[in-house]
Amino acid sequence: MNALTLEEQHKLVREKFPELLEEVRQLKHREEKALPPLPNVSKYRVVRTRFAPNPDFYIHLGNARPALLSYEYAREYRGAFILRFEDTDPRIKKPLPEAYRAIREDLKWLGISWSEEYVQSMRMELYYGIARELISRGGAYVDLCKRDEFRKFKLERRACPHRSQSPSEALELFDRMLSNYYGEGEAVVRVKTDLTSEDPSLIDWVALRVIDTSKYPHPLTGDRYVVWPTYNFAAGVDDKLMEVTHILRGKEHALNTVKQLYVYRALGWEYPEVINLGRLKLEGVILSKSRIKEVLKSSGGAIEVDDPRFGTLRSLRRRGISPEVIREIIMEVGVKGTDATISWENIASLNRKRIDLSTPRVMAVFNPVRVVVRGVPKESSYRSLKLGYHPSNASLGFRVVNLGASDDVEVFISREDLDYLLKDGSIRLMEFCNIALEGRSRDHVEARYAGTDLEVARREGFKIVQWVPVSGYTVIELVKPENLKLRVLRGVVEESIMEFGVGRVLQLVRVGFIKLERLYKEKGRVRAIYIHD
RNA sequence: GCCGCGGUAGUAUAGCCCGGCCAAGUAUGCGGGCCUUUCGAGCCCGUGACCCGGGUUCAAAUCCCGGCCGCGGCACCA
């Protein structure tokens, strides 16, 4: 077969086994999992996308969807991807100073890079300029009604008295706003929309409002500005100024597109293409920003933002989920308006495949029971075991497990595995030897060495169990998130675990994957977080 | 309540625009087997879905209408 040229081989396969070729084709297709084409790409010189988070908190898996998809599209079309911080509400959604940095970090962790970065609170003069332009074109006015008064007009589909002001009057009032003449709630800039709109929230929506920054200083600009653009104004303007061509955002923004369209029309701009994405949920964790904030607050600092019960990217990172898995999941979920609940099983499976080959394996025992094994030969090959860290990846090295020189060898096995010993009379200590039950006392079990032959164990159907030598062990505390609770399992683990550093992912044989979080070398104790089976 | 967007196996997704090649593909889960010094990985076999009802058509997951369900929106938040 190999004597044939590649072309001849292909020909042969095509003739004799066309279905094979089809299979290969499909396999390739699945690996690539290309995104659907973006609409109207040919209309634009270059594709430009953006991710525009509010830096009032850390970002979570739900935010990763628009971020990653926007980035991927920009890459696919060799365009540009922009990061824009939308921090124009120092009062209700006050920016969190560390969030700017944290969001950048989290995006980088996801493998996202951006060529341009903007912070809206540093662009205030730009928004004022566009506001003036809009006002002078008659597209907006300064409303001095009380909030309730305006609501009445709105619900009756009537214009408020200020709506009829001339552009020059409006500009004057706007300048007065900027000069800090009005207090909060006393003046807003409203965009003129269709007064007959069915949805009242659409009607003459607020583009800029007064926020008393002497009371609510902005973390970046302090009290320098008192007139702040709303989301719809700032985002709408910026998408134009930054020449964004394709907006991918959550479907909660659907109505915002309609609102912003009024500004675009008034200024003679063309609105970018919009794709509304469904929400992403992650099974068994808290995703909502507000819920996380609540939990954080009520814990009084005991719970941190990377707590494994949260769906923040930091939590996922802490739980040992690799960023490629998140990327894979989001590409799988794709570009559509349907919500998706990501199952932890799915994440675990993808993650396991990714890390299995590069993850050292050590033995740990929970619910330990002491087993005294009599009759283990005293030759060093029986008392000093050289065990590889991975059965098929020798590059991970090995450790030496020392069993001491005394007559008996003592090991811990788990209470569950003890049942096999009691029931079957024999078990195999993995990578060591077979043992047979001899007796049982209050605090330990007695057994006899029964040879190292694996074939015997196989033939007889002995359960093969992991174990930890009593002569050299480390205590392990394993934190396991379960239904929004954290269980801490205590057990023993081979002392060689101390060789690994904090952050290292390991597999505890027959237990699951873990990530080391703390090493207390003097105390012979480690703390780890459970990742998945 | 009103408006918008959706509904393919337990979960996620392909197919829907352009009806037949779909008695519906893939991944995960679950069951079984092989392999393996793990209950992991890998390989093989099996399991399981087009929300409901009408209509159009020779033919509907795909088009049309109605219903149901889910999500989102209805701020001087983003």
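Owing to the predicted nature of the structure, the values given are computational and were not obtained by experimental measurement. Heavy atoms only: backbone and side chains are in, while hydrogens, waters and symmetry mates are out. Labels below follow one simple rule: chain letters A, B, ... track the order of the sequence lines, proteins then strands, and each chain is numbered from 1.
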Would you say the side-chain atoms of A/Arg157 pair up with the backbone N or O of A/Glu198, donor to acceptor, closer than 3.5 Å?
-> yes
Give me the distance, rounded to whole Å, that separates [N] from [M] when you measure between the [atom1] atoms they each carry.
N     : M     : atom1 : result
B/U57 : B/U13 : C1'   : 30 Å
B/C65 : B/G46 : C1'   : 41 Å
B/C64 : B/C17 : C1'   : 15 Å
B/A59 : B/A23 : P     : 15 Å

In whole angstroms, how far is the [atom2] atom of [N] from the [atom1] atom of [X]?
X        : N     : atom1 : atom2 : value
A/Leu255 : B/C3  : CG    : P     : 14 Å
A/Asp339 : B/C69 : CG    : C1'   : 13 Å
A/Leu429 : B/U37 : CG    : P     : 16 Å

When the ring planes of A/Phe513 and A/His532 are compared, do they come out parallel, tilted or perpendicular, using 30° and 60° as the limits?
-> tilted
Looking across every strand, which nucleic acid part, if any, lies under 4.0 Å from A/Ser392 by heavy atom: base, sugar-phosphate, or nothing?
-> nothing
Are the ring centres of A/Tyr389 and A/Phe500 closer than 6.0 Å?
-> yes
Base-pairing mate for B/C43 - Watson-Crick or G-U, with both contacts under 3.5 Å | B/G33
Of A/Lys423, A/Lys463, A/Arg510, which is the lone residue that meets salt bridge (Lys or Arg N to Asp or Glu O under 4.0 Å) with A/Asp417?
-> A/Arg510
